[in-house]
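Here is the structure we will look at.
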Amino acid sequence: LAQGERDDSTHVHVPGGCGHTWARLGLIRRWAATAAATSGCGKDLPAAMGVGGRGRSPSTKPMRCRDEKQVPKCFRGVKCPYPQAQTVHGAHGAINYSLVGPAGGEVVVCLHGLNGSRVLFQDTAEQLARHGGFRVLGYDLYGHGLSNAPFVDLCPCRGVGRCGECVCCGAPRGRYDMDFFVDQLDDLLSLLGFGEVVVNLVGFSLGGAIAVAFAQRYPSRVLRLVAMSPAGFLPKVPMSYYLLKAVWCCLIPLAPHVLCTYWYKRERFARSMRGEGQVDDEVIESLWSRFVWQLYVKRGVASATLAVCHRIPWFTLKPLFKDAGRNPRPVLLIWGEKDGLNPQKTVAKEVESCFSNVQLMVVPGAGHIAICDRPRQVIFSILSFLKLPLETRMGSVELAVPPPAATASAPPRSASGRQSLPPQGGGSAASSVVPSAADRKAASAAQMPVPMVLGLKEDVTPTDELEDLEREGSRADPRGQGYQVIPVDCGPHTQSL
């Protein structure tokens with residue numbers, strides 16, 4: 001091409017160092033297809049050229065990280081805070097995932113939130129596999145955890161035919177918008193052999209919005225949907241968000257180069273955390289190591305996070321939710337009573353109105369990350385929901401969260417008078433998901449903080465009320481049973497879970 005190629009009536013000349021071929025980029029694609037057909041290397045050529053599209057071959061390169069010499073001296077001793085699971089290579093690089101449960105079980109896919117990782121659903125996956133027989137897939141989104149953070153595609157175009165799909169720019173770049181993450185999930189399911197399998201989706205915050213978007217694009221591939229405080233309905237737009245919208249084209253590529261190590265030194269970071277309230281040293285250490293490792297060891301996280309903040313529609317996803325909600329599949333919405341990001345009294349009702357077959361469960365005393373604040377109630381509510389028949393009308397099902405002070409001396413009775421039974425499968429399922437206060441704080445810290453550009457300031461420490469409830473629950477329920485009472489009225493399938 002550098003010497004000029006002829007394609008019927010079109011002659012393209014590429015001067016050295018100039019970019020005068022933009023009008024004829026279609027020729028490059030045709031040349032690539034011809035070269036692939038004649039050289040036998042068609043599988044690697046599109047990826048090497050940076051050609052986009054769903055047909056791109058997976059990149060086999062590992063996650064992008066800095067060498068030790070490239071890390072600032074004050075951070076060279078920081079260890080990776082994320083547990084390594086299994087790795088598969090998708091269109092944009094390595095994807096860290098875990099798959100637990102029997103091979104023949106229904107597939108459940110768990111999606112974490114912004115700045116989180118698959119670890120959020122680690123206990124959930126074990127419980128669903130052990131007591132429900134589900135095959136549970138958890139994974140890190142691109143730009144999160146141990147999944148790759150590809151370079152950000154700065155092209156302002158969207159959709160088919162945009163310039164980023166054609167230009168030879170090295171490794172494939174990611175847009176970090178909703179379609180990008182839906183494509184990742186579709187790609188991952190295909191790579192693991194679940195491309196034709198109908199799945200259940202469980203998502204938190206950003207993951208909840210991605211789950212709804214996947215169900216909207218592929219309605220026949222989703223059995224049930226659980227969304228925990230899903231993103232897309234933030235009630236207030238902070239001024240910093242408008243600033244990001246105005247200067248994103250400069251801020252995103254410059255982000256890795258303007259980070260100041262002084263702000264993230266351990267002592268200063270600890271002082272700033274303690275200034276916001278009583279926080280354990282363990283929580284501070286966990287949060288600090290995640291900050292430092294993601295910003296100074298792993299490559300691309302700062303730019304990727306800003307790109308997500310810029311390109312995900314955090315305030316305007318109602319049309320997408322309403323479109324997905326027309327499907328009659330069962331939907332469970334889980335909301336923390338004291339959610340500071342998506343207020344339960346306003347946002348939860350608006351989200352609930354988008355679905356035709358839905359139930360909203362409000363978890364008493366919990367914040368935005370209800371699964372960390374009240375793990376026992378949330379996990380077993382999800383387990384019971386996933387066991388419901390597909391034809392269940394959620395309006396006839398009572399998925400109430402009992403207070404932790406409920407006695408375990410005798411199985412309580414449902415509204416129909418039937419006696420509810422504890423979980424089957426041997427042993428107490430709840431006993432392994434009752435974390436200590438320190439564990440709960442560390443779990444919350446692992447998912448925090450959502451960038452302040454979105455206007456969130458969520459407490460890492462639990463509220464006094466949660467601590468009081470925990471103490472009351474431990475006294476009233478020493479065995480840690482706390483099984484759920486869920487009367488189900490669905491015709492011939494009437495039962496009590």
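Just the heavy atoms: all of them, side chains too, but no hydrogens, waters or symmetry mates, feed the values below.
- In this structure a side-chain-to-backbone donor-acceptor pair under 3.5 Å is missing from S286 to E282.
- Salt-bridge formation is not detected for the pair R217/D186: no Lys NZ or Arg NE/NH1/NH2 atom is positioned less than 4.0 Å from an Asp or Glu carboxylate oxygen.
- H92 and Y142 have their aromatic ring centers within a separation under 6.0 angstrom.
- E106 and R224 are joined by a salt bridge, as a carboxylate oxygen and a charged side-chain nitrogen come within less than 4.0 angstrom of each other.
- Side-chain atoms of S303 do not come within 3.5 Å of backbone N or O of A255 as any donor-acceptor pair.
- Side-chain contact between V351 and W335: present, with at least one pair of heavy atoms (C-beta onward) separated by less than 4.5 Å.
- Between the side chain of S381 and the main chain of Q377, a donor-acceptor pair closer than 3.5 Å is present.
- Between the side chains of S147 and N96, no donor-acceptor pair is found at a separation under 3.5 Å.
- Both cation-pi conditions hold for R311 and W248: the charged atom is under 6.0 angstrom from the six-membered ring centre and inside a 45 degree cone around its axis.
- One N or O on the side chain of N357 and one on the backbone of M394 form a donor-acceptor pair closer than 3.5 Å.
- Considering CG of L225 and CD of Q216, their distance stands at 12.0 Å, rounded to 0.5 Å.
- Residue F151 qualifies as open at atom CZ: its count of foreign heavy atoms under 6.0 Å is 12 or below.
- Between Y241 and F315, the ring centre distance stays below 6.0 Å.
- Side chain of K298 to main chain of G145: a donor-acceptor pair is present (N/O by atom type, distance under 3.5 Å, no hydrogens or angles).
- By the neighbour-count criterion of 12 heavy atoms within 6.0 Å, atom CD of E196 is sparsely surrounded, having that number or fewer from other residues, nucleotides or ligands.
- A donor-acceptor pair is defined here as one N or O able to donate and one able to accept, closer than 3.5 Å; such a pair exists between the side chain of R329 and the backbone of P219.
- Looking only at distances, no side-chain donor or acceptor of N148 sits under 3.5 Å from a matching main-chain atom of M63.
- Rounding to the nearest 0.5 Å places OG1 of T392 at 7.5 Å from CG of L390.
- When atom types are taken as modelled, the side chain of Y176 and the backbone of P150 share a donor-acceptor pair closer than 3.5 angstrom.
- Checked against a 6.0 Å centroid threshold, the rings of F121 and F204 do not count as neighbours.
- Taking the ring axis of Y82 as reference, the NZ or CZ atom of R290 stays within 45° of it and closer than 6.0 Å to the ring centre.
- If you take CG on N342 and OG on S205, they are separated by 6.5 Å, rounding to the nearest 0.5 Å.
- A distance-only check finds a donor-acceptor pair linking the side chain of D140 to the backbone of R118 [under 3.5 Å].
- Within the 3.5 Å criterion, the main-chain N or O of M178 finds no donor-acceptor partner in the side chain of D183.
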